[in-house]
Structures are given as structure tokens and as C-alpha cells.
Amino acid sequence: MYESEFEQSVFDLRREKLKQIEALGHPVYPNSFAATHTLAAIRAEYDTATSETLEQNRVSVAVAGRIMAIRAQGKAGFAVLQQNGVRLQIYVRLDAVGEPGFQLYKLLDMGDHIGVTGYLFRTRSGELTVHVDTLTFLSKAMLPLPEKYHGLADVELRYRQRYVDLFMNADVREVFVKRAAVLRAMRKVFDERGFLEVETPMMQPIAGGAAAKPFTTHHNALDIDLFLRIAPELYLKRLVVGGLDRVYEINRNFRNEGISTQHNPEFTMLEFYQAYANYHDLMDLTEELIPYVAMEVNGTTKTVFNDVEIDLSQWQRFTMREAIIHFWDEEAGPRPTMEDFLDIGSLKSWIEKIIPREILLRDTLQGIDVRPPFVQRALGISTPPPNLHARLNAVLHFIYLRMVRDEITVGQGIASMFEAVAEEHLIQPTIIYDFPLAVSPLSKQKPDEPDWVERFEFYIGGFELGNAFSELNDPVEQRNRFLQQLGERERGDAEAHAMDEDYVRALSFGLPPTGGEGIGIDRLTMVLTGSRSIRDVILFPLMRPQVKQADADAMSE
RNA sequence: GAGCGCGUAGCUCAGGUGGUAGAGCAACGCACUUUUAAUGCGUGGGUCCUGGGUUCGAGUCCCAGCGCGCUCACCA
């Protein structure tokens with residue numbers, strides 16, 4: 001537990017102080033304190049009260065808090081109490097608290113919890129302060145607090161010891177208060193619109209509803225492997241089949257994939273389903289929902305993310321293909337047209353206008369690995385690529401090779417192009433709609449374009465926050481889509497869907513036309529709090545456990 | 001998974017070109033009855049992330065590993 005002999009000695013020293021406090025007649029770990037006010041209530045009520053008002057109508061208070069600063073000054077002294085993120089100064093003087101009270105004051109350390117009674121006044125410099133009559137010891141900080149001015153700055157320590165981070169850094173606390181406000185606002189919206197909040201299994205025999213690698217676990221009594229869910233989607237739609245026309249769930253999903261500033265292995269998603277709605281209805285709903293939540297949380301629809309001001313009430317919409325065309329940088333080559341997206345042949349010949357055919361083909365002839373890093377290396381591009389064009393070229397090359405090899409469809413190629421060309425430009429709220437069928441195994445096809453589906457994602461701050469579609473409700477088509485996914489699974493795509501017979505059976509009882517959407521709560525909170533890393537909006541982000549040297553030695557023995 | 005950066009006292013940080021480790025806060029002692037990053041005087045505190053190597057000598061240079069961050073890949 002101790003980081004050092006220094007900490008050990010501080011701990012021991014404070015045990016001595018506890019003994020002395022006990023000798024003064026104070027219980028060292030009392031079980032309550034009868035406060036008359038919270039510090040927040042005092043600040044709210046008396047922050048504007050003048051010195052004269054406080055003298056004329058003496059306000060007696062009993063308050064408690066953690067000592068965040070202590071300044072002894074001979075036969076008097078100050079301390080700053082913090083409670084629920086709110087601070088208030090107290091003033092302790094020997095002639096007011098008496099000798100035993102002042103003895104206790106001298107035994108206090110930064111971080112201790114105390115309660116005091118007294119009355120409010122303003123100091124010479126005007127600070128609202130409790131003039132203490134009695135001190136009650138509540139709990140001791142046995143370990144030293146971080147530096148009082150800079151706080152706890154080391155990001156690793158902040159994540160690993162969030163309990164310290166939270167009481168040292170007020171802005172951290174604020175983020176999690178806002179996160180709670182996001183959840184509250186979301187629940188309010190959906191409750192008011194007649195949605196039922198439900199909870200579906202986190203442990204699933206088949207991890208479906210998204211393309212991702214699941215965590216595996218095991219149930220001993222049943223002796224079966226189970227997966228932590230990657231999405232609640234398939235269960236929620238079963239509920240709509242069951243007649244719960246409007247349902248939502250806010251809970252964790254688990255994906256056994258990389259960790260980054262935008263990905264934590266467990267993350268919170270709001271997912272909702274609305275019978276008789278389609279993706280157009282959900283686009284409209286989304287454009288109402290996000291600014292509403294922003295108003296509830298921040299009191300404004302404006303937010304600053306990565307130094308850019310974002311207005312969450314101003315939305316733009318593009319189809320995926322429009323977005324590629326719109327955000328295409330002509331310095332990289334001729335802008336594509338809708339016709340270029342028609343089929344594999346047209347997309348290939350357009351890519352040949354960007355990258356010479358002999359280069360595109362050379363690598364296939366050499367039979368090299370076509371995973372992006374290898375493509376990049378083959379093209380003489382260092383990793384990571386030094387600029388956007390090099391990265392784009394690598395992606396186009398990659399798409400081209402896989403199309404030549406019949407490994408992907410034109411739709412998958414277009415989806416990859418979209419990510420490479422457009423995603424980083426989607427800072428202001430943007431809906432991207434009409435996705436390729438090939439990357440959307442659970443979405444309903446567009447009636448006039450069967451290779452495309454009624455699906456959209458919305459982006460803010462350069463990353464995806466939500467994903468929605470008109471749900472595929474034809475069980476025969478759904479079965480075929482699953483079979484197709486199984487094929488991709490066999491070709492090595494570990495994230496392709498597994499067959500879920502029971503889900504197909506549920507659809508066979510009739511799912512009404514339904515729109516469904518998932519919204520990443522962590523990412524929305526990032527945008528609303530200006531947090532650049534998802535770890536800053538998750539209380540305990542996953543960290544590799546620290547192995548102490550002693551433990552490491554013990555394990556190797 | 002790859003590239004780059006960082007790792008020095010409990011905390012925040014200094015430590016040109018290699019020469020026995022420093023400051024502030026925190027801690028301990030003393031003084032101080034309206035301070036607020038209180039002040040003044042004094043004291044203690046370090047496996048310089050770990051393990052190798054080069055060298056007469058490594059916090060500093062080299063190699064390997066560990067942890068964290070950022071970027072990329074994957075993904076929401």
C-alpha cells in the first residue's frame with residue numbers, strides 16, 4: 001500500500017496524532033455529524049451577504065468537510081473545508097474554541113474531515129468564513145495529499161487513483177456531474193415520449209448486434225461459455241416484437257478491441273427502438289435530442305471541442321456518397337462522381353485515375369500482404385503516413401487490391417473511402433445517411449436502391465457518436481444476411497455476425513416497421529465537456545494493472 | 001499491433017557537452033490571534049521505472065524490458 005518509507009512514516013506519525021486526538025477526548029472515527037447546512041447551501045444563501053448583515057443577524061451553522069488548506073498562525077488559524085466540491089473557509093482561534101479545541105486544531109492535517117459549529121462572518125479581506133466555536137474530529141487522512149497548487153497532474157495517477165483526482169481537481173468532478181446530467185436528460189426525453197426503459201442481458205450466448213470482437217466468460221454451473229454483449233440490439237428488437245413498441249436501454253457494451261482516446265473496452269450506449277418509425281424520423285429526433293441534452297447539461301447548445309466551437313443545434317446532412325464527393329480534396333486527384341460509385345468496375349477505373357495502374361497492380365503481382373501497413377510500406381510510405389494524401393492513397397490502394405481479389409464489394413470500398421476522405425471533416429454536427437448494404441447486415445434496404453440501406457450515423461467533433469437505421473424486419477432476408485456474414489466469418493473476418501436463429505424466429509412472429517438508434521454516451525459527454533480523451537469521462541478507465549517490484553519478484557520465484 | 005514522446009523526493013518540476021542528486025509544496029521542530037499558493041528560521045526525506053552494457057566514473061550514452069501519453073491501425 002505504501003509508495004515509500006516516506007509514506008509509511010507519515011502514516012505512522014498520523015496514527016500517533018490519532019492517539020493524541022483520542023487522549024483529548026475525541027472519538028477518532030465517529031459515525032455521524034449533525035450538520036445544519038451543506039457548504040453549498042451556505043454559499044448559495046450567504047455569498048452576497050455583507051459583513052454588516054452577518055454581524056447584525058448572526059447566522060449559526062454546523063458544517064463538515066475535508067480540510068483542503070490549513071494555515072496556522074500562532075494562537076489562531078484558518079482552514080478551508082471542501083464538501084461536495086464546494087469550499088468554505090473556517091477561522092479557529094484559541095480564545096473562541098478553548099485550549100482543548102485548539103489542541104485538536106493543531107493535530108489536524110490536510111485531507112482530514114472535520115465538523116465545526118460557529119457563526120458566519122467576513123474576514124478583513126472579505127472572505128465568507130465560519131468563526132468556529134467547537135471542532136469535531138471526523139476522519140483522518142493517513143497519507144499526504146498531492147501538491148496543493150498544481151493538484152494531481154500525472155494522468156496515469158489521476159486514472160489509477162481517481163479518488164484523489166476527484167477531490168483535488170474540481171474540473172474532474174464537474175465532468176462527472178455533467179455526465180450524470182446527460183443520462184438524466186436522456187431518460188427524461190425518452191420517458192416523456194413514451195419509451196420504456198429496459199435491461200437486457202449483458203451475458204449472451206451469441207454476441208450480436210454489431211461488428212466487434214467480444215469478451216468471453218464462462219458459467220460454471222451450466223458449463224457454457226458466454227459472451228459479454230457487444231450491443232443490446234437484437235434483444236431490444238425482440239422486445240418490440242413482444243409489443244413493447246418503444247424501448248430504450250442505457251448500459252455498458254464490451255468490445256475486446258484496441259484502446260484509444262475514443263475507445264474504452266467497456267463503454268456506455270443508449271440504444272432505443274421506436275415502432276412505426278423509420279430512419280428519417282430518427283434523423284429528426286436526433287437533431288432535437290442532442291441540442292436538448294446540451295441545454296439541460298450546459299445551458300447552451302454551443303460547446304468547444306479541440307479548440308473549435310461547435311453548435312449542437314446546427315446540423316447538416318449528406319449521403320455517404322455525397323460526403324465523399326463534398327469533402328474530396330482535388331489536390332489528391334479528380335473528384336469522384338456518383339457514377340464512379342456505381343459498381344466495382346467504375347470505382348476501379350476511378351481509382352486508376354488517382355494512382356497509376358502499374359503501381360496498383362505491381363503489388364498484387366508481388367503477392368504482398370495487403371493489410372494497410374504493408375501496403376504503405378510497399379508504397380514507400382512510412383507509418384504513420386506523413387500526410388493525408390499518402391494515407392488516402394494507401395486506403396485507395398488497399399480498396400483496389402481487395403476489389404481485384406473479390407474480397408470486398410463496391411459498398412465496402414465506398415465505406416472505407418468515406419472514413420478516409422470525410423470523417424475528419426465532420427466537426428460540426430453532421431448526419432451521414434444511406435450506407436452500403438454490405439456493411440449493414442441488420443438494416444432495411446432502400447426500396448429504389450437495393451444495394452444501399454436506410455441507415456445513418458451522426459458525427460460531432462470528428463468522430464461517430466451514433467448509428468441508426470430502419471430495422472430489417474423480413475426474417476427470410478435477415479437469415480440470408482446472417483448466412484452472408486457467416487461466409488465473411490469463414491473468410492477470416494472475426495467481427496462478422498454469427499447466425500442468431502432465435503432472433504430470426506422472433507422476426508418471424510412479425511416485427512413492425514421500426515427505427516432503432518444507438519448513441520455513445522461517453523463520446524457525447526466528451527463533446528459536451530470538451531474532454532479530448534474518453535478516459536476523462538470514464539471514472540475508472542481500464543488500465544494495465546501495476547505490478548510492484550516485490551510482487552514481480554515473488555511471482556518469478 | 002506499429003511509430004513517436006515521457007518516467008528524478010508523497011506531489012509539481014529543474015538537472016548544457018558523463019564527474020558523489022536540487023527547488024517549491026507536503027512532512028517534522030520553533031515563532032506568529034483576520035490568513036488565503038500566509039510568512040520567517042531550522043530539520044529530515046531519493047532502488048533517478050527495471051535489468052544489462054560502454055566507461056576510471058552513468059540521472060545523463062547504448063541495448064532490452066515495464067508503465068503511461070499521443071498518433072496510426074481496428075472500432076462506436
May I ask you to say what A/Gly77 touches in the nucleic acid, namely base, sugar-phosphate or nothing, with a heavy-atom cut-off under 4.0 Å?
nothing
Can A/Gln103 and A/Glu99 be counted as having a side-chain donor-acceptor contact under 3.5 angstrom?
yes
Could you pull out all donor-acceptor pairs under 3.5 Å where a side-chain atom in residues 63-73 of chain A meets a protein atom, sequence neighbours excluded?
residue: A/Arg66; atom: NH1; partner: A/Gly111; partner atom: O; Å: 2.9
residue: A/Arg66; atom: NH2; partner: A/His113; partner atom: NE2; Å: 3.4
residue: A/Arg71; atom: NH2; partner: A/Gln89; partner atom: OE1; Å: 2.9

What is the nucleic acid contact for A/Ser533, judged by heavy atoms within less than 4.0 Å: base, sugar-phosphate only, or nothing?
sugar-phosphate
Check this one for me: any side-chain N or O of A/Arg158 less than 4.0 Å away from OP1 or OP2 of B/C68?
no
Using atom CZ of A/Arg71 as one end and atom C1' of B/G40 as the other, report the distance to the nearest whole Å.
17 Å
A/Ile534 side chain, from C-beta outward: closest of B/A76, B/G67, B/U35:
B/A76
Answer yes or no: does a side-chain N or O of A/Arg544 lie under 4.0 Å from OP1 or OP2 of B/C66?
no
Categorize A/Arg535 for me: base, sugar-phosphate, or nothing, with a 4.0 angstrom heavy-atom threshold over every strand shown.
sugar-phosphate
Closest non-hydrogen contact found for A/Arg229 with A/Thr200 is NH1-OG1, 3.1 Å
Can you pull every protein N or O that's under 3.5 Å from an N or O on nucleotides 27-31 of chain B?
residue: B/C28; atom: OP1; partner: A/Lys17; partner atom: NZ; Å: 2.6

For A/His425 and A/Phe327, take the angle between the two ring planes, folded into 0 to 90°, and tell me which bin it lands in: parallel under 30, tilted 30 to 60, perpendicular over 60.
parallel
Can you tell which of B/G67, B/U33, B/G10 lies closest to the side chain of A/Asp95?
B/U33
Proximal nucleotide (of B/A76, B/G69, B/C13) relative to the A/Ala153 side chain:
B/C13
Given that both distances must come in under 3.5 Å, which nucleotide forms a Watson-Crick or G-U wobble pair with B/A27?
B/U43
Rounding to an integer number of Å, can you tell me how far A/Glu419 CD sits from B/C74 C1'?
10 Å
Between A/Arg455 and A/Ser440, the two heavy atoms sitting closest are NH1-OG, 2.9 Å
On a plain distance test, is the side chain of A/Arg124 in donor-acceptor contact with the base of B/U34 below 3.5 Å?
no
Go nucleotide by nucleotide along RNA chain B from the 5' end; which of A/Arg532 and A/Ala210 gets its closest nucleotide reached first?
A/Arg532
Check whether any side-chain nitrogen or oxygen of A/Lys148 sits under 4.0 Å from OP1 or OP2 of B/A26, and answer yes or no.
yes
Using the P atom as the reference point in each nucleotide, state the distance between B/A76 and B/G69 in Å, no decimals.
22 Å
Taking for each residue the nucleotide of RNA chain B with the nearest heavy atom, is it A/Thr261 or A/Met269 whose nucleotide lies nearer the 5' end?
A/Thr261
Taking the P atom in each of B/G10 and B/G46, what is the distance between them to the nearest angstrom?
8 Å
From C-beta outward on A/Glu464, which listed nucleotide comes closest to its side chain: B/A76, B/C11, B/U34?
B/A76
Nearest-neighbour nucleotide for the A/Thr129 side chain, B/U34, B/U35, B/C68 considered:
B/U35
May A/Phe78 be described as stacking on the base of B/A38, applying a 5.5 Å centroid limit and a 30° limit on plane angle?
no
Between B/U35 and A/Gln89, counting only base atoms on the nucleotide and side-chain atoms on the residue, is there a donor-acceptor pair under 3.5 Å?
yes
Sticking with atom P, work out how far B/G16 lies from B/U60, rounded to a whole angstrom.
12 Å
With both distances kept under 3.5 Å, what pairs with B/A2, Watson-Crick or G-U wobble?
B/U71
Check the orientation of A/Phe254 and A/Phe215. Use parallel for under 30°, tilted for 30 to 60°, and perpendicular for over 60°.
perpendicular
Return the value, rounded to whole Å, for the distance between atom CD of A/Glu266 and atom P of B/A76.
17 Å
Grab the two heavy atoms, one from A/Phe78 and one from A/Tyr105, that are nearest each other, plus how far apart they are.
O-OH, 2.9 Å
Write down the distance separating the C1' atoms in B/C68 and B/C25, rounded off to the nearest Å.
24 Å
Atom CD of A/Gln73 and atom C1' of B/A37: how far apart are they, to the nearest Å?
15 Å
Once you apply a heavy-atom cut-off of 4.0 Å, does A/Asp12 come out as touching a base, just sugar-phosphate, or nothing?
nothing
Find the distance A/Phe121:CZ to B/U35:P and express it as a whole number of Å.
10 Å
Could you check whether A/Asp434 pairs with A/Arg317 (Lys NZ or Arg NE/NH1/NH2 to Asp/Glu carboxylate O, under 4.0 Å)?
no
Take the protein atom CD of A/Gln262 and the nucleotide atom C1' of B/A73, then report the distance between them rounded to whole Å.
13 Å
Inter-nucleotide P distance (B/C61, B/G7), Å rounded:
11 Å
Atom pair distance, as rounded to whole Å: CG in A/Asn253 and P in B/A76
11 Å
Rounding to an integer number of Å, can you tell me how far A/Met168 CE sits from B/A26 C1'?
10 Å
Using atom C1' of each nucleotide, how far apart are B/G22 and B/A14 to the nearest Å?
7 Å
According to the interplanar angle, ranging from 0 to 90°, do the rings of A/Phe456 and A/Tyr279 count as parallel (below 30°), tilted (30 to 60°) or perpendicular (above 60°)?
tilted
Side chain of A/Glu147: nearest nucleotide among B/C32, B/C11, B/G67?
B/C11
Salt bridge (charged side-chain N to carboxylate O under 4.0 Å, His left out) pairs, two or more places apart, involving residues 534-545 of chain A:
A/Arg158-A/Asp536
What does A/Ile519 touch in the nucleic acid at a heavy-atom separation under 4.0 angstrom: a base, only the sugar-phosphate, or nothing?
nothing
What's the gap between B/A58 and B/C63 when it is taken at their C1' atoms, as a whole Å value?
14 Å
